[in-house]
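By convention in this document, chain letters (A, B, ...) are assigned in the order of the sequence lines, proteins followed by strands, and residues within each chain are numbered from 1.
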Amino acid sequence: MAMHCFEGMLESTSVDIGLTLGSGQVFRWGRDVDGWWKGIAYGVVVHLRQMGDQIQYRASSERVATYCGEMAIDDFLRWYLRLDHMPRIRVPREDTYLRRARDLLKGLQFVRQDPFECIISYVLSVQAHMSLTKKRIGFLARTLGERRVFEGETYWTFPGADALSELDSGFYRRHRFGWRSERVAETAQFIAGAVRGGADLDTWRCISDDLHALSGSGVGIKVARCIDLFSLDRLYAVPVDTWVRKFAREWYGVTGSDAKICRWGEARWGKWAGYCNEYLFAYYRELYGPTLYDRVLSFNASDEASAVMPFEEQV
DNA sequence: GGCCAGGCGCGAC
DNA sequence: GTCGCGCATGGC
């Protein structure tokens, strides 16, 4: 059961691992007390540590299957962390907030999340604190995912669409997912039906767009933009959440519906609007919300498996 | 104990 | 197309 460790080094002149993995875009990464960032993505356990311009890695597999095909682990990590892509964001001279935010958060990159995991995660995140969302995602992984033991710690992969689609909304209700229950169940089933035989990036984009158009999926404008930005290479997307509403109003005098703020941001910043919005979002939250230090709790990979498995109904 | 969370969906206009 | 409101749950 214990897995071999594949190690190596990656060049990274522009990406900051802590800013990236601690930004809140991913739910299954954490920083351990030993200084390593630990997580599981695409079914592979990965440990990362930044050492200046280099990133040291340890991984549980040397091959990784993605929607872009199978990759060697170092190619995968360069792709996943988007190490070769850090666009130079041009800031209008008068936009002092964005300039400050960009200078402070230079190195925050968008990870290429697994689209299915990203969709389910953000459907679950609706009107819930990140800590609770993380718990729910972790619960799904422990009950339906595959067990991976790496370096003495237990991890669980995120379940596939076929596994998740076996659950009905009653299961989620019983496990106190609230009104997200019907939406997660419907969405998982929709995706399971749509990805038979695999899906590439274009297919995932169509699936996400369809879910957004489909009422009851739980994919509204905000969740759709998160999926776009964090897993579908649509780096122009501007997700509008409670923090974005605040900085839009207080710093730019923009008010109104989320859709209106979204259009404003995407029109204002153009091609790389996702970066601009994320810099401002993270900067504002750092000033007025929980800081990065507060949010990055010590890592706990080895949560006990749930005593109640989904198909062992205990009433 | 009240307020809020990386909002969505539905029914009125 | 846009606005207002109800919604389950748990953290703080």
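- With rounding to whole Å, A:Asp258 atom CG is found 13 Å from B:dG9 atom P.
- Comparing A:Leu132 and A:Ala224 by the nucleotide of DNA chain B whose heavy atom lies nearest to each, the residue mapping closer to the 5' end is A:Leu132.
- The aromatic rings of A:Trp269 and A:Trp264 lie perpendicular to each other, with more than 60° between the two planes, well past the 30° mark.
- Side-chain proximity of A:Arg173 to C:dA8, C:dT2, B:dG6: nearest is C:dA8.
- Checking B:dG6, B:dG7, C:dG11 against every side-chain atom of A:Val126, the shortest atom distance belongs to B:dG7.
- One finds no side-chain N or O of A:Lys260 lying less than 4.0 angstrom from the OP1 or OP2 phosphate oxygen of C:dG1.
- The nearest whole Å value for the distance from the CZ atom in A:Arg180 to the C1' atom in B:dC8 is 10 Å.
- Using a 4.0 Å heavy-atom cutoff across all strands shown, A:Arg225 reaches no nucleic acid atom at all.
- Residue contacts for A:Glu278: at a heavy-atom cut-off of 4.0 Å it reaches a base atom on one of the strands shown.
- Counting any heavy atom pair closer than 4.0 Å across all strands shown, A:Gly256 reaches no nucleic acid atom.
- The distance between atom CD1 of A:Ile227 and atom P of B:dG7, rounded to the nearest whole Å, is 14 Å.
- Ring geometry for A:Tyr283 versus A:Trp251: interplanar angle of 30 to 60°, hence tilted.
- Side-chain N or O atoms of A:Ser217 include one that pairs as donor or acceptor with a backbone N or O of A:Leu211 at under 3.5 Å.
- Residue A:Tyr284 contributes atom OH, which lies 14 Å from atom P of B:dG6 at whole-angstrom precision.
- With rounding to whole Å, A:Ile261 atom CD1 is found 19 Å from C:dG1 atom P.
- A ring pair (Phe, Tyr, Trp, His ring centres under 6.0 Å) with A:His47 is found for exactly one of A:Tyr57, A:Phe150, A:Phe6, namely A:Phe150.
- Contact annotation: A:Gln127 side-chain N/O to B:dA5 OP1/OP2 distance is not under 4.0 Å.
- Below 30°, between 30° and 60°, or above 60°: for A:Tyr252 and A:Phe247 the angle between ring planes is above 60°, a perpendicular geometry.
- Checking B:dG9, B:dG7, C:dG10 against the side-chain heavy atoms of A:Val223 singles out B:dG7 as nearest.
- The shortest distance between the side-chain N/O atoms of A:Thr242 and the OP1/OP2 oxygens of B:dG6 is not below 4.0 Å.
- Applying the 3.5 Å distance criterion, the base of C:dC12 shares no donor-acceptor pair with the side chain of A:His129.
- Comparing A:Trp179 and A:Ser257 by the nucleotide of DNA chain C whose heavy atom lies nearest to each, the residue mapping closer to the 5' end is A:Ser257.
- Across the protein-nucleic acid pair, A:Arg285 atom CZ and B:dC4 atom P stand 18 Å apart, rounded to whole Å.
- In this structure a side-chain-to-backbone donor-acceptor pair under 3.5 Å is present from A:Gln50 to A:Gly52.
- Atom NZ in A:Lys134 sits about 17 Å away from atom P in B:dA5, given to the nearest Å.
- For A:Arg176, a side-chain nitrogen or oxygen approaches OP1 or OP2 of C:dG10 to under 4.0 Å.
- Between the NZ atom of A:Lys246 and the P atom of B:dA5 there is a distance of 5 Å, rounded to whole Å.
- Residue-level contact check: A:Ser181 touches neither bases nor backbone, having no heavy atom under 4.0 Å from any strand.
- OP1 or OP2 of B:dC10 sits under 4.0 Å from a side-chain N or O of A:Ser215.
- B:dC3 and C:dG6 are spaced 15 Å apart, taking the P atom of each and rounding to whole Å.
- Between C:dA8 and A:Arg183, no contact under 4.0 Å exists linking OP1 or OP2 to a side-chain N or O.
- Taking atom P on both nucleotides, B:dG1 is separated from C:dA8 by 23 Å, rounded to a whole Å.
- The aromatic rings of A:Tyr275 and A:Trp272 sit perpendicular to each other, their planes meeting at more than 60°, with 30° as the lower class boundary.
- With centroids closer than 5.5 Å and planes inclined by less than 30 degrees as the test, A:Phe281 and the base of B:dG6 pass as a stacked pair.
- Comparing C:dG11, B:dG9, B:dC8 by their nearest atom to the side chain of A:Ile221 picks out B:dC8.
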